[in-house]
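Notes to accompany the following structure.
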Protein chains: 2
Amino acid sequence: MAETIPPNAQPLIRRIESIALFELHDAERVALAALPMQSADFSARQDIATEHDRPSRSFTVLSGIVATYKTTRAGGRQVMAYHVPGDVPDFQSLHLEVLDFSLAAVTPCRVGFVRHEAVRSLLEAQPRLVGAFWRATLINAALSREWMLNLGRRDAYARTAHLFCELFTRLQAVGLVHDHTCALPLTQLELSDALGLTSVHVNRVLKDLRGAGLVTLSGKNLTVHDWERLKAAAEFDPTYLHLRRKAG
Amino acid sequence: MAETIPPNAQPLIRRIESIALFELHDAERVALAALPMQSADFSARQDIATEHDRPSRSFTVLSGIVATYKTTRAGGRQVMAYHVPGDVPDFQSLHLEVLDFSLAAVTPCRVGFVRHEAVRSLLEAQPRLVGAFWRATLINAALSREWMLNLGRRDAYARTAHLFCELFTRLQAVGLVHDHTCALPLTQLELSDALGLTSVHVNRVLKDLRGAGLVTLSGKNLTVHDWERLKAAAEFDPTYLHLRRKAG
DNA sequence: CGCAGCGTTGAGGCCAATCAATCTCAGTGG
DNA sequence: CCACTGAGATTGATTGGCCTCAACGCTGCG
């Protein structure tokens, strides 16, 4: 949680560039880079913000993976979204006073906090960015919808495959995939929180996926062995990600 | 689907008023009322827009209930959200070119279409409304998150109770509840699409809820007999609805 | 009157949860 | 170098919630 080296808005800028429907002006890029940002480090599993908070700032993920989650009284935990570098997981707090979910670091990660006033000035000075940020929040909503279809209507096998497809594609889009593998240090318990399953069952499903030669999640890496069949098993259609460019 | 009497932006204006964090100016109200709106009627179950469309206009619900849904290849159907009068279910199409979900009339309903250009001019002329509309889309996202918790972590009984809590509260907020009951002409099959269950199981859950004296869904009406116990069964906490005023 | 759509109920089966034990392996410290 | 520890992964046995299949009742309507 310590203050560190001057933060770097690069991931955010790259994200906005990939999201915006127009090419950024230099002025816009400069304004983004000049956002007064306070960086902080979190270790895995640490909460960054919790339900019912009333944040006066938002943050962007600089490195690592962050999760949005909610819990039931009985202790059930449901991860609603994972956030990769460049994402602004709690952008909504700019418009909604009280947070209706919690945010936690999944991996050790660095985030950059920006006060709401600074965001508001930025958007006033660079009004085209409003559309881009708005679009970003709408894409998040689109991801939740697919997630709901997943939770409500796909069995454990397809559901798990789908999660891997999504994460793989998104990490690819931010350049974090090499040799069909990406760093994904999720425990089976954490996976089960996202999938609405138990860790025991996740274990069995992973075994099946491995046995079928689709993917392996071992150690802290996810390796995709047969993308086409994985996609088929998951019924994965990346339209909902609203990516503008093909991932490379 | 026929053209009809001059449409009426009242539900939309009321909604925006209840959402905005400021009091609307007369100019803003007038601008909203002057939106060129083309109204259309849909009968129950008719699609209003479907996945992969590229809409050039959005619509607001004038009367009736509209559902957002997606389907799996196997035919599984998942309703992600219900929309009540005043909502703009596909506002996102203003910023996201291709629709990643479908929209259907749940009850017979009337909607008002507004071309995207008209919305853009409105938002340019009345920039404060940007925040209000943005807020509306963020509230929708908050609803999906609670829905995900529901699908992933609550059993059929609590899940059903929760859906009723939400719909009841929202319909109350737009004045559609009288005597602890509201019109809710959903078949058990439709309910099951929203709950991620089968209609057979929904039937049994409804029986239990009725037997426990919490709610009855009979004919086309939902009656809440014991709000407190219903809320408790559902673990319902209305924070996520982000209502500004207590419903009355 | 008879069909069609919806609600209701029962029997049986399956997927995933639960309970519980064992295994692996990276640390840690003596 | 090895015993010890604890977190996570793996596996088996059993249970239970929800699904599937199937039949029947009800009600509105052409």
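Reckoned from all heavy atoms, side chains included, excluding hydrogens, waters and symmetry mates.
- Remark: C1' of D:dC26 and NZ of B:K220 are 14 Å apart, rounded to the nearest angstrom.
- For A:S192 and A:H201, the side-chain atoms include no donor-acceptor pair closer than 3.5 Å.
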Base-contact (B) and sugar-phosphate-only (S) positions in nucleotides 12-19 of chain D, heavy-atom cut-off under 4.0 Å, - elsewhere: BB----BS
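- A sub-4.0 Å separation between OP1 or OP2 of D:dT10 and a side-chain N or O of A:N203 is present.
- The salt bridge (Lys or Arg N to Asp or Glu O under 4.0 Å) test applied to B:R170 returns B:D87, B:E166, not counting sequence neighbours.
- Here the nucleotide nearest the side chain of A:T187, chosen from C:dT8, D:dG8, C:dC6, is D:dG8.
- Taking atom CG of A:L189 as the reference point, atom P of C:dA17 lies 12 Å away to the nearest angstrom.
- Taking atom CG of residue B:L217 and atom P of nucleotide C:dT8, one finds them 9 Å apart after rounding to whole Å.
- Relative ring orientation between A:W227 and A:F168 is described as tilted, the plane-to-plane angle lying within the 30° to 60° band.
- Between B:R45 atom CZ and C:dA4 atom C1' the separation is 12 Å, expressed in whole Å.
- Residue A:P11 comes nearest to A:P85 through the heavy atom pair CB-C, 4.2 Å, listed as atom of the first residue, atom of the second, then distance.
- With A:R153 as the fixed residue, the side chain to side chain contact (heavy atoms under 4.5 Å, CB included) test singles out one of B:T71, B:T72, B:L151: B:T72.
- No cation-pi contact links B:R145 to A:F101, judged by a cut-off of 6.0 Å to the six-membered ring centre and 45° from its axis.
- If you measure from atom CG of B:L206 to atom P of C:dC6, you get 15 Å, rounded to the nearest angstrom.
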